[in-house]
2 protein chains.
Amino acid sequence: MKDTRSQLISSMKELLWERGYDATSPNQVLERSGAGKGSFYHHFSGKQELAIAAMDERANELIAEFELIFHSDQHWLDKLENYLLQPRDGLKGCRIGRIAQDPSMDELLLRVPLKRYFSQLQQAIEQLLNQAKDKGELPESICAHTLSCTVISTVQGGFVMSRALYDPDCINMACQGLIDLLRTLSTLKT
Amino acid sequence: MKDTRSQLISSMKELLWERGYDATSPNQVLERSGAGKGSFYHHFSGKQELAIAAMDERANELIAEFELIFHSDQHWLDKLENYLLQPRDGLKGCRIGRIAQDPSMDELLLRVPLKRYFSQLQQAIEQLLNQAKDKGELPESICAHTLSCTVISTVQGGFVMSRALYDPDCINMACQGLIDLLRTLSTLKT
DNA sequence: GTCTATACCGAGATAGAC
DNA sequence: GTCTATCTCGGTATAGAC
């Protein structure tokens, strides 16, 4: 059991994942959380403030997840594979990237937690790739920053493609394809 | 100058690109096209039918674009680079993939043109990659179907990442990173 | 803190005149 | 074919009692 405020945030997190920001209404949040209108507008100034709180929690949660993977002491390629081949439901969408396409994301405040998550993720991946280059296991001609964009995009785009083709497996294949390229490259170098 | 019906479709295409399906209202379409409500509901049964007509046109248009690239007589890697490095506005989103995340895309009818586009694109890329394998320029261990998912996802995810970080350049880097991997791989094989 | 009542607006569509 | 008037519903929020 948690307090009303937490319930609201929790329900908003679910709905942001399922429906995004624009398509989620306060009423849906209330229904799911069991709270009343009064509580909602007592704890938050409105939909936007609640959404930001929810996205902040979600970002922290996801950052903790990838840090667990990237801070392990496996080989860099195993870490990356570990990250890329995590089980994902292609039809549901990324728990945070999901909302990036919503028109309301033009608003600066809403973008803050989103930006924070992706910045940190990119930094982590770029660092990993630079270590690989230092060890001579990735060609010097490959730019770690550029490739980190590719890695992140593959995951995010996998969700989009899965939904477009209505095939939950697309995202897993997309990630597998990238891993295959990296493994092959590392094999040929050896 | 075109007739009212075409104007409506044309405006809907723009709005679907800019705002997606759920966030686009009939009123916005009317305002942009200069048509009135009467015309709208005379030519179409409603928002959904208009959107499908618009997406159908858009799909045809985009299919023609990639066919122009893939049916040229360049080397497969040049074709792929040509496709991946096309100029794209990362902040606007894919002209058709943009709407894949909208909640309303759960409706079967709306997904038809979306699915048609992505299916054909994937088929074209897969074919290209298989030719590369036939020529021995891509390792047999690489699965063309799997890798085609990666290619498409990189583009789609590039748009998402660009919007998340609010950096129009992310998508271009993501695509460049994938090309770099493929070029490197092809170099080492030689 | 939480509830119910109320208000305002725009989405999406229909009706019937021209 | 196109126009204006009208309708219903839900999104988003405020007011004031408890």
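In what follows, chains carry the letters A, B, and so on, assigned in the order in which the sequence lines appear, proteins first and then strands, with residues in each chain numbered from 1. Any value given below was found using the heavy atoms of this structure, including those in side chains, with hydrogens, waters and symmetry copies removed.
Remark: B/Arg111 qualifies as a cation-pi partner of A/Tyr166 under the 6.0 Å distance and 45° angle criteria applied to the six-membered ring. Both the sub-6.0 Å distance and the 45° axial angle are not jointly satisfied by B/Lys47 relative to the ring of B/Phe40.
A salt bridge does not link B/Glu18 to B/Arg98: none of the charged side-chain nitrogens sits closer than 4.0 Å to a carboxylate oxygen. For B/Asp169 and B/Arg88, the salt-bridge test fails: no basic side-chain N is under 4.0 Å from an acidic carboxylate O. With respect to the salt-bridge test (charged N to carboxylate O, under 4.0 angstrom), the residues A/Asp106 and B/Arg163 qualify.
Heavy-atom distances under 4.0 Å link DNA chain C to B/Thr24, B/Ser25, B/Pro26, B/Asn27 of residues 16-34 of chain B, given in residue order.
A/Ala174 and B/Ser153 get closest at one heavy-atom pair: CB-OG, 3.3 Å.
Nucleotide D/dT14 holds its P atom 15 Å from the NZ atom of A/Lys47, rounded to whole Å. Going from atom CG of A/Leu15 over to atom C1' of D/dG11 covers 14 Å, rounded to whole Å. Put simply, NE2 on A/His42 is 17 Å from P on C/dT4, counting in whole angstrom units. Nucleotide D/dG1 holds its C1' atom 13 Å from the CZ atom of B/Phe44, rounded to whole Å. Across the protein-nucleic acid pair, A/Leu8 atom CG and C/dG1 atom C1' stand 12 Å apart, rounded to whole Å.
Proximity of B/Tyr41 to the phosphate of C/dT14: no side-chain N or O atom is located under 4.0 Å from OP1 or OP2. Residue B/Thr4 places at least one side-chain N or O under 4.0 Å from the OP1 or OP2 atom of D/dT2. For C/dT2, the OP1/OP2 oxygens have a side-chain nitrogen or oxygen of A/His43 closer than 4.0 Å.
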List, one per line, each side-chain donor-acceptor pair under 3.5 Å for residues 59-66 of chain A, sequence neighbours excluded.
residue, atom, partner, partner atom, Å
A/Asn60, OD1, A/Arg116, NH1, 2.9
A/Asn60, OD1, A/Arg116, NH2, 3.1
A/Asn60, ND2, A/Asp56, O, 3.3
A/Glu61, OE1, A/Lys13, NZ, 2.9
A/Glu61, OE2, A/Arg58, NH1, 2.9
A/Glu65, OE1, A/Arg95, NH2, 3.0
A/Glu65, OE2, A/Arg95, NH1, 3.0
A/Glu65, OE2, A/Arg95, NH2, 3.4

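Heavy-atom nearest nucleotides on DNA chain D were determined for A/Gln48 and for B/Gly36, and the one closer to the 5' end corresponds to B/Gly36. Looking at which nucleotide of DNA chain D each of B/Ala35 and A/Gly38 is closest to, the 5′-most match is held by B/Ala35.
Of all nucleotides listed (C/dC3, C/dG1, C/dA5), C/dA5 comes nearest to the side chain of A/Lys37.
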